[in-house]
Amino acid sequence: GQFVESGGGLVQAGGSLRLSCRASINYFNTKTMGWYRQAPGKERELVARISKSSAPTYADSVKGRFTISRDNAMDTVYLQMNALKIEDTAVYYCNAPFAVVSWGQGTRVTVSS
C-alpha cells in the first residue's frame, strides 16, 4: 500500500495518542500531507494538513488539541492528539489532499468516557 497508518487504540477522554503514517509515494517531500478521519455513519473529513514547508492547518474541531508534523527523511507524517474527546472516535487515514491516491487501511481511534 501507499500509506501505512499506525498508533491508534482505545483511550479515555482527555488522553493522548500519537498517530504515524509511513508513505510510499513519489516526491513525498514536495507534497502537502493530511490526516483524515471517518466516524461511523459519517463522511471522511480532513482534520489537519501540513505543507511541504511544514505549515499546518487544522479543522476547527481539533484546533488547539492536535498537532501535525512530518519527517521528510522518513517519508512519515504524524498526528499528536491531546485532550481527546469521545467525538474524536473514528478511523484515521493519511493522504495527500491535493494529489489524493489510494487509501490505506487507516488506524482506529476509540475514545471512551
* Pairs meeting criterion salt bridge (Lys or Arg N to Asp or Glu O under 4.0 Å) with involvement of residues 97-113, two or more places apart -> none
* To do: List for me each residue that meets side-chain hydrogen bond (donor to acceptor under 3.5 Å, both in side chains) alongside D60, sequence neighbours excluded, and say none if there are none.
  => K63
* Please report the closest heavy-atom contact between Q80 and S16, naming both atoms and the distance. => NE2-CB, 4.0 Å
* Asked: How long is the span from the OH atom in Y78 to the OG atom in S6, to the nearest 0.5 Å?
  -> 9.0 Å
* Structure fact -> Sorted by chain and residue number, the side chain to side chain contact (heavy atoms under 4.5 Å, CB included) partners of D75 (sequence neighbours excluded) come out as R22, F28
* Evaluate the side-chain proximity of L46 to Y93: yes if any heavy-atom separation is below 4.5 Å, no if none is. => no
* Structure fact -> So CZ of R18 and CE of M81: to nearest 0.5 Å the spacing works out to 11.5 Å
* Set of residues satisfying ring-ring contact (aromatic ring centres under 6.0 Å, His included) with respect to Y36, sequence neighbours excluded -> W103
* Would one find more than 12 heavy atoms of other residues, nucleotides or ligands at under 6.0 Å from atom CD of Q12? -> no
* Structure fact -> disulfide (SG to SG under 2.5 Å) pairs touching residues 24-72, sequence neighbours excluded, are none
* **Minimum heavy-atom distance P97-N95, with the two atoms named** => CD-O, 3.4 Å
* List for me each residue that meets salt bridge (charged side-chain N to carboxylate O under 4.0 Å, His left out) alongside K85, sequence neighbours excluded, and say none if there are none. => none
* Structure fact -> The complete set of side-chain hydrogen bond (donor to acceptor under 3.5 Å, both in side chains) pairs with one or both residues in residues 47-59, sequence neighbours excluded, reads S51-S53
* Taking side-chain hydrogen bond (donor to acceptor under 3.5 Å, both in side chains) as the test, write out the residues that go with D71, two or more places apart. => none
* Structure fact -> Interatomic distance, CG@L19 vs CH2@W35, rounded to 0.5 Å, equals 4.5 Å
* Asked: Applying the side-chain contact (heavy atoms from CB on, under 4.5 Å) test to V109, which of L17, V91, L10 qualifies?
  -> L17
* Tell me, which pairs form a disulfide (SG to SG under 2.5 Å) where one or both residues lie in residues 38-89, sequence neighbours left out? -> none
* Can you sort out the partners of A39 under side chain to side chain contact (heavy atoms under 4.5 Å, CB included), two or more places apart, ordered by chain and number? => K42, A90
* To do: Please list all pairs passing the disulfide (SG to SG under 2.5 Å) test where one or both residues lie in residues 34-113, with sequence neighbours left out.
  => C21-C94
* To do: Provide the full list of salt bridge (Lys or Arg N to Asp or Glu O under 4.0 Å) pairs with a residue in residues 25-38, sequence neighbours left out, each pair given once.
  => R37-E45, R37-D88
* Distance (rounded to the nearest 0.5 Å) between L79 CG and M33 CE -> 12.0 Å
* To do: Going by the side-chain contact (heavy atoms from CB on, under 4.5 Å) test, name the single residue among T32, I68, T67 that passes it with I50.
  => I68
* Might you point out which heavy atoms bring I86 and S112 nearest each other, and give the distance in Å? => CG1-C, 4.3 Å
